[in-house]
Amino acid sequence: MGDGSWPTHERRWASDTIPANTILSATTSPGAEYNSAEEFVEVTLDLQDDDTIILRSVEPATVINVDEGSDTSVSASRSPTTRSSSNRLRQFSQELKAEAVAKARQFSQELKAELRKFSWGNGHASQTVNGFDSALAARALRKQRAQLDRTRSGAHKALRGLRFISNNKANAWEEVENKFNKLAKDGYLFRSDFAQCIGMKDSKEFALEMFDALSRRRRLKVEKISKDELYEYWSQITDQSFDSRLQIFFDMVDKNEDGRITEAEVKEIIMLSASANKLSRLKEQAEEYAALTMEELDPERLGYIELWQLETLLLQKDTYLSYSQALSYTSQALSQNLQGLRKKGRIRRISTKLVYYLEENWKRIWVVSLWIMVMIGLFTWKFFQYKQKSAFKVMGYCLLTAKGAAETLKFNMALILMPVCRNTITWLRSTKLGLFVPFDDNINFHKTIAAAISIGVILHVGNHLACDFPRLISSSNYKYKKFLKNDFGSPKPTYIDLVKGTEGVTGVLMVIFMAIAFTLATRWFRRNLIKLPKPFDRITGFNAFWYSHHLFVIVYVLLIIHGEFLYLVHIWYRRTTWMYLAVPVLLYAGERILRFFRSGFSTVRLLKVAIYPGGVLTLQMSKPPQFRYKSGQYMFVQCPAVSPFEWHPFSITSAPGDDYLSVHIRQLGDWTQALKRLFSEVCEPPVAGKSGLLRADEATKKSLPKLLIDGPYGAPAQDYSKYDVLLLVGLGIGATPFISILKDLLNNIVKMEEQADSVSDTSKASDVSVASSNESTTPNRVPSKRKKTLKTTNAYFYWVTREQGSFDWFKGVMNEVAELDQRGVIEMHNYLTSVYEEGDARSALITMVQALNHAKNGVDIVSGTRVRTHFARPKWKNVLSKLSSKHCNARIGVFYCGAPVLAKELSKLCYELNQKGSTKFEFHKEHF
């Protein structure tokens, strides 16, 4: 080996040198000083006729023990059998290595000679050969390490990835076969129908590239395939072997079939993956990310990458994603098996659920129970009171039921105004009464009372019109004169006379107006779930709900009139309708007057306007001096240019410590659409470095529309500070209530750190002063007045959205939190549901590029922030289970704003986990 004709540079094999006095043991590894703490492996090489060397396998080595007649590990003892076996192994290994190195050097010399023939000069040729040889040697060494790394346990998870079909069910081929039968023409499936047939209709371009790659394998370029060929394609796509799936993916990129991928081909597959996952911005930056990929995988700058390099990137994805470990602890998709209670009997399970239900809902239970008891009491009181009247002799129990229902109606018509007195509710929730009354459920209670009013109206009106009025008009003249003449007068009225009287007309009009308002307030009409033809479509939407609800002003006037013209009550102070309504109506009217004057005095100046993708309008305005609020609260906004009467609630996204107010408004209804159109007219395209599609500020030439605000008003999220741990979950625009909380937490963290530094500096200065002063007998003390310690130790923010552009809404906040939260109090998790879940072949390359870009530049390619974006939807059971095990005995506040479906799932999970562990979850949902 030491022949001078060989180059000075030699490739070092793993076991080039073995000390002569070393004994191989079961725990030794070649290439190092052997001792009992190491392992030794068996390397299998294949020397080809074309002078290439292929590493076939690296496995734990075993030796045949002749004495025992069985395969056993090499013993650590120094027996003659072991020594002779190791000597034979060493001799064979050295001979094998010598031949391998000789062939490698011979091939290297021949390659150099060939390169010299095409060189332009001796000096240039020498540099080219040496540089190319070094590049090839470096790449060969990396390939060897990559193949060794693949045996590590950390790669097993990645090897299960790169799936082309995410949900490969047992009967998946049967479904594909059925689709083939429907789509095939003359027994053949055309290329254009391939995506729909295999269930990739939403990723047609990706599926067609896969079709072409599979066709190239068979040296075919076809436009249609038979069922047998489709089955062959399907078998390859769903192959459980990672190598097979990786080869298909490589072939999709390697269109010229030369076994190499160039930068242009990488760019093309990035654009294809971006298109399949609806990532338009990624397509625009495909060239940049292709260059980044080549820079990482081709450090030798040979201009191409091979199959093993693509595999290496996939296997090392988690290494590149190490930046997100602190930000994704709870989002790991690991199954958490909590140690639940022992299997209980049926009675014990029911009692446990009952106790938990009472613990979670005791506030609602006592309030609703008290309300129901009051209604029962009022109904019973009127029922027996009218049973003593002479009218009962003729009109019977119909009259008693109608009058009992009327008494509950008066009570509920008064009570229904209380939950919508928002200023009063906001004030009361900050008092001790908030410990006993669930003020967060004010809108739900408002709806519940409305349901009770509907029942009361049916009983009251139904019994009058269908029961006691017919009894009255059909009664004999004798009974009428004896029992009813003093109440209804003479002569006996007809049915029409009863209906067209003051009591009848006011009653009928109230029923009509209430029916209109109740119907348009239902979610089907209010949320435009019912699609009506024009012009009837105007009776759906928020506007219809808002204006129809103001019919209740007329209803209350009619109710007071109706209560003053009663047939059976003749003494004024027994006509109690006005008594029920006086206080609530005055309180509500006072609130509306306060809102009117406060909104007029709370003039705001628009500082900045931005329109973002997804139809989101951001308004940043000056904060009135008297406007004080808490994070999580909301305010009402009115734009007179759109409508001088409509007020709409929006969560405040600025923090209490900011010197401005901000709201984020998504285009969902007719009012928000009109508002966006109005501001679009005055906005301009942003200058370089500014986000948003359109922007405007005080320097904009066109004058900005006028805005009025009213608030703030209380919301569940404002009580976040009483919890040890926070889990904030927002869907789409539902993230807005929590942005203010995150900013407030961040401000508190910064203040606490500044205060800690200040206290530390003061203490040091005090110590120096005391040490240097001989006259002072007592040390200077640090002021005892300190800011209250923040109770919340951790906050986890999960934002789930469908559109990539949504991340622009709060990009600044996310970057600020990631930069300033050095203690890791806040963990942020972005989820983009338009991208296929991690492990799917359609998102595999995006995940790789995402990891590479953040490792190099510290920026996520999807969100454009320092926060990593996960794909698909979170596994909420895993998230909450991880929190439960991480924060034992903690009180965790779960705050949610979004679609009702997920609210039910989160509430159910909180209920289940509260019964299994010491951690207590309290679920809150935002209401407007």
Side-chain angles (χ1 to χ4, degrees), residues 329-331 336 338-341 352-366 429-441 630-633 714-730 737-738 740-749 752 787-798 821 823-829 874 876-898 902-927:
Y329 182 83
T330 63
S331 65
Q336 181 74 16
L338 296 177
Q339 293 183 354
L341 303 173
T352 302
K353 290 183 178 180
L354 180 62
V355 170
Y356 173 75
Y357 181 82
L358 293 174
E359 288 177 352
E360 290 294 306
N361 299 282
W362 67 271
K363 292 181 182 179
R364 299 183 183 95
I365 291 172
W366 87 260
R429 66 180 296 125
S430 62
T431 65
K432 291 185 178 180
L433 196 60
L435 300 174
F436 308 99
V437 179
F439 290 113
D440 293 341
D441 290 325
K630 298 179 181 179
S631 292
Q633 291 185 329
Q718 75 176 62
D719 298 324
Y720 76 91
S721 58
K722 69 181 183 181
Y723 293 99
D724 305 317
V725 179
L726 299 178
L727 175 60
L728 311 174
V729 180
F738 311 127
S740 178
I741 293 177
L742 293 178
K743 294 174 71 174
D744 193 36
L745 277 173
L746 186 64
N747 291 341
N748 287 331
I749 292 169
M752 289 175 63
K787 188 175 178 68
K788 186 178 179 181
T789 305
L790 188 66
K791 182 177 181 180
T792 303
T793 59
N794 291 90
Y796 302 86
F797 175 51
Y798 281 78
D821 182 21
R823 296 192 300 158
V825 174
I826 302 172
E827 292 187 10
M828 295 180 293
H829 308 269
W876 294 113
K877 186 173 183 180
N878 296 334
V879 171
L880 269 71
S881 298
K882 203 72 177 179
L883 280 177
S884 179
S885 60
K886 185 178 180 181
H887 300 284
C888 296
N889 302 314
R891 189 175 172 217
I892 301 179
V894 181
F895 295 91
Y896 171 75
C897 186
L902 183 55
K904 293 180 181 179
E905 180 183 349
L906 291 175
S907 179
K908 183 180 179 181
L909 286 172
C910 292
Y911 165 75
E912 292 175 354
L913 291 171
N914 281 344
Q915 297 186 75
K916 294 181 179 179
S918 58
T919 306
K920 296 302 177 185
F921 293 87
E922 295 186 17
F923 179 75
H924 304 273
K925 182 182 182 300
E926 291 291 322
H927 300 282

Would you find a donor on one side and an acceptor on the other, under 3.5 Å apart, between the side chain of [X] and the backbone of [Y]?
| X | Y | value |
| --- | --- | --- |
| K877 | L909 | no |
| W366 | F436 | yes |
| S740 | P737 | no |
| S631 | D744 | no |
| N794 | V725 | no |
| N914 | F921 | yes |

Within the structure provided, determine whether [X] and [Y] are in side-chain contact (heavy-atom separation under 4.5 Å).
| X | Y | answer |
| --- | --- | --- |
| I892 | L726 | no |
| L728 | I741 | yes |
| V825 | T793 | no |

Nearest-0.5 Å distance that lies between atom [atom1] in [X] and atom [atom2] in [Y]:
| X | Y | atom1 | atom2 | value |
| --- | --- | --- | --- | --- |
| H829 | L727 | NE2 | CG | 9.0 Å |
| K920 | R891 | NZ | CZ | 12.0 Å |
| K882 | S884 | NZ | OG | 11.5 Å |
| N748 | K743 | CG | NZ | 13.5 Å |
| D724 | S721 | CG | OG | 11.5 Å |
| Y720 | K630 | OH | NZ | 10.0 Å |

Problem - Lys/Arg-Asp/Glu bridge criterion (N-O < 4.0 Å) met for E922, K363 - result: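 Salt bridge flag = no for K363 with E922.
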Problem - Side-chain ion pair, R429 and D719, N-O less than 4.0 Å - result: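 Yes, R429 and D719 are salt-bridged.
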Minimum heavy-atom distance between [X] and [Y], given as atom pair plus value:
| X | Y | answer |
| --- | --- | --- |
| I826 | L746 | CD1-N, 4.3 Å |
| S907 | F923 | CB-CD2, 3.9 Å |
| V894 | C910 | CG2-SG, 3.9 Å |
| Y896 | L906 | CD1-CD1, 3.7 Å |

Handout entry: More than 12 heavy atoms from other groups under 6.0 Å of NZ on K722
Key = yes
Practice task
Would you confirm whether the ring centroid of Y798 sits within less than 6.0 angstrom of the ring centroid of W876?
Solution key: yes
Practice task
Check the angle between the aromatic planes of Y796 and H887 and answer parallel, tilted or perpendicular using the 30° and 60° thresholds.
Solution key: perpendicular
Practice task
Determine the interplanar angle of the H924 and F895 rings, folded into 0 to 90°, and report it as parallel if under 30°, tilted if 30 to 60°, perpendicular if over 60°.
Solution key: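 Geometry flag for F895 against H924: parallel rings.
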Exercise for the section: Taking atom types as modelled, find out whether S918 and N889 have a side-chain donor-acceptor pair closer than 3.5 angstrom. Expected result: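 Present: a donor and an acceptor within the cut-off.
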